[in-house]
**Student:** 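Quick one: the structure is below, questions incoming.
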Amino acid sequence: MSTSGGTHDDDLDGWDLPGPGRGSASGKALEPAPPRPGTGSIAARAMAAVRPAPEVVDYLSGLNPEQRDAVESLDGPLLVLAGAGTGKTRVLTTRIAHILAARRAFPSQILAVTFTNKAAREMKDRISSLVGESVEGMPWLGTFHSIGLKILRRHAEMVGLRPDFSILDTDDQICLIKQFFQVEGVDAKRWTPRWFAIKLDTWKNRGLLPEQVPVGDAEWFGPNKARKIYADYQERLRVINAADFGDLLLLTIRLFREQPEILKSFQERFRYMLVDEYQDTNIAQYLWLRLLAQGNKNICCVGDDDQSIYGWRGAEVDNILRFDHDFPGAEVIRLERNYRSTSHILVAASHLIAKNEGRLSKTLFTDHDDPDAELISVASVWDSEEEVRTIGEEIEDLQRHGHELNDIAILVRASFQMREFEDRFITLGLNYRMIGGSRFYERLEIRDALAYFRATLQPSDDLAFERIVNTPMRGLGDASLRQVRELARAQNIPMMQAAGMLVETEELRPKPRNTLKNLLMDFSRWRSQLESQRHTDLAEIILDESGYTEMWRNDRSADASGRLENLKELIRSMDEFESMAGFLEHISLVMDRDSGDTDDAVSIMTLHSAKGLEFDTVFLPGWEEGLFPHQRALDESGRAGLEEERRLAYVGITRAKKRARIRFTANRRVHGMWQTSIPSRFLDELPEEHVEVSEPSSSYGGYGTSGMGPYGGSRFDTRDPFASGNHSTPGWQRAQRNRESGASSGGFGKSSRGRGGPKTIEGELVAKSVTETESAYSVGERIFHLKFGYGRVASIDGNKLTIEFEKAGRKKVLDSFVEAV
DNA sequence: CAATTACTAACATGG
DNA sequence: TTAGTAATTG
């Protein structure tokens, strides 16, 4: 691969566009081509599109004037502010179709960046249905990371990597950091590797190299130590020929800055740039875009500040607010006509988001006002078990009434909520599709198998090597491994290489030395078979000869056979790829499997991954304080965190076309402990006229004394229309007390110093601190618990009580959930 | 070196 | 609760 200049126009090959033949691919020849009628239907329609009589062009018809403007304003920077459901994706895809049809560029000359894999896939699908097969593989349509990767692979040498470098996922990253922490003697009690991984990510999201790390940050764990670990970490990545996710962007930026000719070649290549979800871009992505857009400035960004939900990942809403400053002369088009939702849904969502400050105010409106449209439904349930069950029932009911499962989605705040739905739907035999969440490729056996493949393909991949040296156990334990690791570190070489040197010496005892030697021989044998064997066969050979499959066959535990199944499934899915390397690359970027798209199935996913999608019916479970808005968001980012959560709620509601059904539980188990939950404050922020508060669909009155309201807090306490009267639940009373004390203390707890009372933000309860100073109970006291019945307090640990229950045995519970008797 | 036991943090969110 | 780690023992 050429290292100078970077004129890799190879991917223009095979792009067969109606119109000018190849050869005129680069440069001036692509200026608006003169109309040449009859060269193909798309081209023919395009002719009409560029100039007069646009009505003829069917892909443009059906756009409203603003949308059409956004599609046709091809030259110069353009920002499209598009509210939820205003046809954002439609504008983007039609715009691409228009560029192609007008023959302004080849598919390979359009850069289209999305934020998530799903969005990229969706866009690809929609473009090909709009334009036809020729776009099938628009090479530069993808996520920031996948495009960064593609660029880096071509010019890896320029940033100190070999073109076949591997990509580390978060777990690999944490493993590596852990090692550095051990070497540097960082107190693992105070700083966890995971925490540092997040910080590292934050720096990278902001485009900071080790030497640019802010002075304050650099001093963590000791004088300049954090900076040093960052620098060492990067150096280690280089040695093991790997890049983490952040590097995919950061190294590309470095490449562009250090190699102006390469940058220039890309600037020339990308005649049109389109960016989806611009509000989610972080600084690194912004820099990346700006470098590329400095060429011909045909950049079109589409976004909605109200849907900015990736602040935690470094997204800068400022990017969207500053757009015309960054790209002088930018045109701004607003899309405010909503085509998706009923007016109940739309008004409710707008009402909610209006509570946020500092937004570019947009007013969404809709025409179709269906008088029969359903109100937003809000209902409480006893616990998550009931939540899952009733939603299951409602879905079955919808199904009986002829609704397709494909039109139904369950959107949760945190991925752990998805499992319960999965379990329930399996027993119901209800078809479901999980997106994101606990992913196939994150399972133990899959990661192990992948580590074997990685280590085979990429001898320098230390993390893969370390993962499997002693899996299955071969007697290569800590002691031997430490020697290898030390040598590798001292010589600054990958561990496999170090191991190779070590087995030639007497350093190791004979037994481990031989096993290690054998293992290395295994790897080189597998490596030699890379050419001769089909990659799926080789994968099986590796797993068999390494003893990995046998390990599971000998395993007596219940899930062993499932794991073997998964391994087979892994090899099966490998079949769809050309090579092992291609397969590994795919899964390192796209951790979710896109399978079974054709079946009719309910979608279960997080709110984050739901952005950009729409469904007739949307279930929104878990609207409880602490879960949604999530406690961590409030603790760590205060008001900004709360606003981001609210945007997330907005995103959730606006996914629904016809029915939005919000659920909250009265009790939820957190870390195995029962806690009473308070309804989400967002419920109060919905306009009553558009909300229908449903009766709980199954009664749980039998649990306690009559009229006990299972929910506390908010509208549903103070003027609760349906839970008759007295809130005698201790948990509720306690929550209420928390609330009041929080409000009166009125502090603006930004730094969480001290483990005191609840933090408030302008009178709102933001963080209910779990560490109550004193328990209201004493050891030996007789108590009543709604789920477990009567018992006696065995011990007290802050607000955690260990109770010896008369029926249920010994349990740990939270004090707010028991009641003195 | 491996198996057992005791302890503790984790349930954000994505590429 | 559970998964992961650290310490302890065979």
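Naming convention: chains lettered A, B, ... in sequence-line order (proteins, then strands); numbering from 1 in each chain. Reckoned from all heavy atoms, side chains included, excluding hydrogens, waters and symmetry mates.
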**Student:** Have a look at A/Lys611 and say if it touches a base, only the backbone sugar-phosphate, or nothing, with a 4.0 Å heavy-atom cut-off.
**Tutor:** nothing

**Student:** When you measure from the side chain of A/Asn470 to the backbone of A/Leu476, do you find a donor-acceptor pair of N or O atoms at a distance under 3.5 Å?
**Tutor:** yes

**Student:** Taking NZ, NE, NH1 and NH2 as the nitrogens, is one of them in A/Glu387 or A/Arg668 under 4.0 Å from a carboxylate oxygen of the other?
**Tutor:**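 Salt bridge present between A/Glu387 and A/Arg668.
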
**Student:** Is any side-chain heavy atom of A/Glu277 closer than 4.5 Å to one of A/Lys88?
**Tutor:**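 In contact.
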
**Student:** What is the distance from CZ of A/Arg646 to P of B/dA12, rounded to the nearest Å?
**Tutor:**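 Distance, rounded to whole Å: 21 Å.
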
**Student:** Measuring to OP1 and OP2 of B/dG14, would you say a side-chain N or O of A/Thr606 lies under 4.0 angstrom away?
**Tutor:**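 Looking at the OP1 and OP2 atoms of B/dG14, one of them is under 4.0 Å from a side-chain N or O of A/Thr606.
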
**Student:** Return the nearest nucleotide to the side chain of A/Arg413; candidates are B/dA12, B/dC11, B/dG14.
**Tutor:**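 So the side chain of A/Arg413 is nearest to B/dA12.
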
**Student:** For nucleotides 1-3 of chain B, tabulate all protein N/O to nucleotide N/O atom pairs closer than 3.5 Å, reporting atom names and distance.
**Tutor:**
unit_1 : atom_1 : unit_2   : atom_2 : d
B/dC1  : OP1    : A/Ser480 : OG     : 2.6
B/dC1  : OP2    : A/Ala479 : N      : 3.2
B/dA2  : OP1    : A/Gly475 : N      : 3.1

**Student:** Roughly how many Å is it from CD in A/Gln307 to C1' in B/dG14, rounded to a whole number?
**Tutor:**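 From A/Gln307 CD to B/dG14 C1': 17 Å.
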
**Student:** Can you measure A/Leu200 atom CG to B/dG14 atom P for me and round it to whole angstrom units?
**Tutor:** 20 Å

**Student:** Would the number of heavy atoms belonging to other residues, nucleotides or ligands and lying under 6.0 Å from CG of A/Asp478 be above 12?
**Tutor:** no

**Student:** Please tell me which of the listed nucleotides, B/dG14, B/dC11, B/dG15, lies nearest to the side chain of A/Thr170?
**Tutor:** B/dG15

**Student:** Taking A/Lys150 for its side chain and A/Pro139 for its backbone only, find out whether a donor-acceptor pair lies under 3.5 Å.
**Tutor:**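 Side chain of A/Lys150 to backbone of A/Pro139, a donor-acceptor pair under 3.5 Å: yes, one is there.
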
**Student:** Using the six-membered base ring of B/dA12, report whether A/His630 stacks on it, requiring centroids under 5.5 Å and planes under 30° apart.
**Tutor:**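 Taking the rule of under 5.5 Å and under 30°, the ring of A/His630 does stack on B/dA12.
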
**Student:** Taking the six-membered ring of A/Phe165 as reference, does the cationic atom of A/Arg153 (NZ for Lys, CZ for Arg) lie under 6.0 Å from its centre and within 45° of its axis?
**Tutor:**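 Verdict for A/Phe165: a cation-pi partner in A/Arg153.
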
**Student:** Select base, sugar-phosphate, or nothing to describe what A/Glu420 touches, counting heavy atoms under 4.0 Å on all strands.
**Tutor:** nothing

**Student:** Are B/dA10 and A/His671 stacked, with the base six-membered ring and the side-chain ring centres under 5.5 Å apart and planes under 30°?
**Tutor:**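 Yes, A/His671 stacks on the base of B/dA10.
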
**Student:** Under 3.5 Å, is there any donor-acceptor pair linking the side chain of A/Arg313 to the base of B/dT13?
**Tutor:**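 Side chain to base: no pair present.
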
**Student:** Which whole-number value in Å describes the distance from A/Leu648 CG to B/dT13 P?
**Tutor:** 11 Å

**Student:** Once you round it to whole Å, what is the distance between C1' of C/dT1 and CD of A/Gln417?
**Tutor:** 17 Å

**Student:** Taking the same atom, P, in C/dG4 and in B/dT13, what whole-Å distance lies between them?
**Tutor:** 16 Å

**Student:** Using a cut-off of strictly less than 4.0 Å, decide whether A/Ser415 has a side-chain nitrogen or oxygen near OP1 or OP2 of B/dA12.
**Tutor:**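 It does not, given that no N or O in the side chain of A/Ser415 lies less than 4.0 Å from OP1 or OP2 of B/dA12.
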
**Student:** Does the separation of the ring centres of A/Tyr286 and A/Trp288 fall below 6.0 angstrom?
**Tutor:**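 Not close enough - the centres of the two rings lie 6.0 Å or further apart.
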
**Student:** Give one of base, sugar-phosphate or nothing for A/Phe144, where a contact means two heavy atoms less than 4.0 Å apart.
**Tutor:** nothing

**Student:** Ring stacking, A/Tyr310 with base of B/dT13, under 5.5 Å and under 30°?
**Tutor:** no

**Student:** Can you check the A/Met418 CE to B/dT13 C1' distance for me, whole Å?
**Tutor:**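 Taking atom C1' of B/dT13 as the reference, CE of A/Met418 is at 12 Å.
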
**Student:** Quickly work out the A/Arg632 CZ to B/dA12 P distance and round it to whole Å.
**Tutor:** 4 Å

**Student:** I'd like to know whether the aromatic ring centres of A/Phe196 and A/Phe181 sit less than 6.0 Å apart in this structure.
**Tutor:**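 Distance test on ring centres: under 6.0 Å, yes.
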
**Student:** What is the distance, rounded to the nearest whole Å, between atom CZ of A/Arg447 and atom P of C/dG4?
**Tutor:**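 It works out to 11 Å between those atoms.
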
